[in-house]
Amino acid sequence: MRSGRALLATVVAAVLAAGGLGGCAVNPATGEKVFTGGVTGAQEKAVGRKVHAQILGELGPRYEDEELQTYVNSVGQLLARTTERRDLEYTFTVVDSDTINAFAVPGGYIYITRGLLALFGDEAELAGVLGHELGHITALHYARGQGQAILAQIGVLAADILAQQAGAGGAVRNALDDLTGTAAFAYLRSHSRENEYESDDLGIRYIARAGYDTYGVARMLAKIRARARLQARLAGRSPDEIDRFDYTATHPAPAKRVRRALDNAARTPVRDPMVAREIYLEKIDGLFYGGSPEQGFVRGREFVHPTLRFRFSVPETFTLHNTPKTVIASGSGGAQISLWLHGRGQTRSAAEFLRGRWAGKLSLGRIEELTVNGQPAATARAAAQSARGAVDVRILVVGSDADRVYETIFVFPGGRGSGLEAAYREVAASLRELTVSEAATYRPRRIAVVEARPGDTQQSLARRMAVEKRPLEHFRVLNGLEPGDRIVPGRLLKLVVE
């Protein structure tokens, strides 16, 4: 198991090994000189090949829908032929993850999650995000100069929005980073504000050359913004913070990016532009929404993994988020709970596993051995300092199987009344393995494309949405609708169904 930071370190090492330090190049997209450390196109390709499999391991496996993979690749290849860099063989991959993300690495490797595909409503929007990621590659954004180490470019369309979606308070993120070295997606911080704007501009350039509707970029960004505002509401936060949020002082606020993309599209008209709405919706009909059986899925405040056959629940005030490596629950005041799966290895007991994992990292209190739903377990408390102050930590290890140990880490702001002990008791009571028949009762949710009928309204269609909270808002976000928009009979719309 490797953290986002470990992945970044691997990519950096690969670039350093490939090119060493020193050297400038001409930015193919702008004609300006940029510092690249002397890395050549051939060396970029080697870097991409080296990290491709590891990236999929970190962010989610390749989505097992070959027709959809072929479709996304065909759009990407069309756009790639319009770029200034024809020396690369581009690879476009749909990742089986419900996070809202797309990114690129050197050598022409571009990734998009199925969660982001579910959000889009036409092919021009898909082209917009793929064009943006191509812009990161053509503009050589993987390199940093001014005497710094060379960093492999991991382009992120919406790292700021992804951070908001995760909902974790800064103190907790820093605490987990300090304690475990597994700050999820920490490497997503690497792009500057100027790089994101430049990639937006280049994305519009490339989709215009390919004949797509240039307003697709603005629609794409607006939908990501709307999704982030909904996630903020679901987490009990103000949706307006999405536009105020400035991730590590580099990423532009989403509202500003939308306005900028609209202005750019108006200056880049395309005669008879392609939108391909019906084609796109046909391709994503049946797409997993939320979790998949192989990744597990969130049902309200319960997480269920039907393939690995386990489940647990968190307190009502927490919001669950599934990532490829861990399940994270974010609560008020920056509290966070994360659950990991490990192999027990050579340790003989849960207590020995806990001690071995955390010796030298935390000053643990007494390790208590207990039983959790029939399985041997161990728990201990600790206090630690994060970048924003003291935090209380409790670790729970459950499991006797040498191939599977459940490790739950509770990190709460320090002090009495934090709710740590109540959360610990609830999670411990709910964590259990499922029988085969129990696991079979949980079915994944999917995107269903339906044709609006006479008399349909936003409210009536929203009642068919298989989501626990705010179904009307989910329906609007999924279909790019405003509250006053009328449902036109015959229009294709997306629902979430089981």
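For reference, positions follow the sequence shown, starting with 1. Keep in mind that what you see is a predicted model, and the values were worked out from it rather than measured.
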Report summary line: Which of Arg311, Arg309, Arg404 passes salt bridge (Lys or Arg N to Asp or Glu O under 4.0 Å) with Glu433? Answer is Arg404
**Report entry** Non-hydrogen side-chain atoms of Val72 and Tyr63 separated by less than 4.5 Å
**Finding:** no
Query raised in the report: Is any side-chain heavy atom of Leu341 closer than 4.5 Å to a side-chain heavy atom of Tyr406?
Result: yes
Requested in this report: Could I get the full list of side chain to side chain contact (heavy atoms under 4.5 Å, CB included) partners for Ala452, not counting sequence neighbours?
Outcome: Asp456, Ile487, Leu493
Query raised in the report: Are Asp200 and Arg257 within salt-bridge range, i.e. N to O under 4.0 Å?
Result: yes
Query raised in the report: Less than 4.5 Å apart, any side-chain heavy atom of Leu126 and any of Ile112?
Result: yes
Query raised in the report: Which heavy-atom pair separates Asp122 from Glu125 by the least distance, and what is that distance?
Result: OD1-N, 2.8 Å
Requested in this report: Could you pull out all residues at least two apart from Ala210 that satisfy side chain to side chain contact (heavy atoms under 4.5 Å, CB included)?
Outcome: Leu78, Leu79, Thr82, Tyr212
Query raised in the report: Below 4.5 Å, heavy atoms only, C-beta onward: do Asp263 and Arg267 meet side chain to side chain?
Result: yes
Query raised in the report: Please, which pairs that meet side chain to side chain donor-acceptor pair (under 3.5 Å) have at least one residue in residues 465-479, sequence neighbours excluded?
Result: Arg233-Glu473, Arg445-Glu468, Gln458-Arg476, Arg470-Glu473
**Report entry** Shortest non-hydrogen contact from Ala102 toward Val129
**Finding:** CB-CG2, 3.7 Å
Query - Minimum side-chain heavy-atom gap Ile447-Leu478 below 4.5 Å - result: yes
Query - Sequence-distant partners of Glu66, side chain to side chain donor-acceptor pair (under 3.5 Å), two or more places apart - result: Arg62
Requested in this report: Would you check if there is a donor-acceptor pair between the side chains of Gln77 and Asn73 at a distance under 3.5 Å?
Outcome: yes
Report task. Go through the structure and list residues passing ring pair (Phe, Tyr, Trp, His ring centres under 6.0 Å) with Phe297, not counting sequence neighbours. Result -> none
Requested in this report: Give a yes-or-no answer on whether the side chains of Asp201 and Asn264 include a donor-acceptor pair shorter than 3.5 Å.
Outcome: yes
Query raised in the report: Would you say the side chain of Leu117 lies within less than 4.5 Å of the side chain of Tyr280, judging by non-hydrogen atoms?
Result: yes
Side-chain donor/acceptor pairs under 3.5 Å, residues 285-292, sequence neighbours excluded:
from: Asp285; atom 1: OD1; to: Val449; atom 2: N; distance (Å): 3.0
from: Ser292; atom 1: OG; to: Asp96; atom 2: OD2; distance (Å): 3.2
from: Ser292; atom 1: OG; to: Gln295; atom 2: N; distance (Å): 3.3

Query raised in the report: Is Thr307 reaching over with its side chain to a backbone N or O of Pro293, donor-acceptor style, under 3.5 angstrom?
Result: yes
Requested in this report: State whether Arg443 and Glu498 are salt-bridged, where the test is any N-O pair (Lys NZ or Arg NE/NH1/NH2 against Asp/Glu carboxylate O) under 4.0 Å.
Outcome: no
Query raised in the report: Does Arg209 have any side chain to side chain donor-acceptor pair (under 3.5 Å) partners at least two apart in sequence or in another chain, and if so, which?
Result: Glu84
Query raised in the report: Under 3.5 Å, side chain of Lys494 to main-chain N/O of Leu119, donor-acceptor pair present?
Result: yes
Report summary line: By side chain to side chain contact (heavy atoms under 4.5 Å, CB included), Leu262 pairs with (sequence neighbours left out) Tyr215, Ala218, Val258
Requested in this report: State, with a plain yes or no, whether a side-chain heavy atom of Thr93 is found less than 4.5 Å away from one of His52.
Outcome: yes
Query raised in the report: Are Arg114 and Asp65 ion-paired here, with the side-chain N under 4.0 Å from a carboxylate O?
Result: no
Query raised in the report: To the nearest 0.5 Å, how far apart are CZ in Arg237 and OG in Ser330?
Result: 8.0 Å
Report task. Please list, chain by chain and in numerical order, all residues satisfying side chain to side chain donor-acceptor pair (under 3.5 Å) with Arg464, sequence neighbours excluded. Result -> none
Query - Ala329: partners by side chain to side chain contact (heavy atoms under 4.5 Å, CB included), with sequence neighbours left out - result: Val314, Phe318, Leu320, Ile337
Query - Contact check, side chains of Tyr206 and Thr138, non-hydrogen atoms, under 4.5 Å - result: yes
Query - Nearest non-hydrogen partners of Gly121 and Arg277, listed with the distance - result: O-CG, 3.2 Å
Query raised in the report: With distance as the sole criterion, is a donor-acceptor pair present between the side chains of Tyr71 and Glu282 under 3.5 Å?
Result: no
Report task. Would you mind telling me which of His132, His136, Glu133, Glu194 makes a side chain to side chain donor-acceptor pair (under 3.5 Å) with Ser199? Result -> His136
**Report entry** Aromatic plane relationship, Phe303 with Phe312 - under 30° parallel, 30 to 60° tilted, over 60° perpendicular
**Finding:** tilted
Query raised in the report: For Phe353, what residues pass the ring pair (Phe, Tyr, Trp, His ring centres under 6.0 Å) criterion, not counting sequence neighbours?
Result: His342
Query - Set of residues satisfying side chain to side chain donor-acceptor pair (under 3.5 Å) with respect to Tyr109, sequence neighbours excluded - result: none
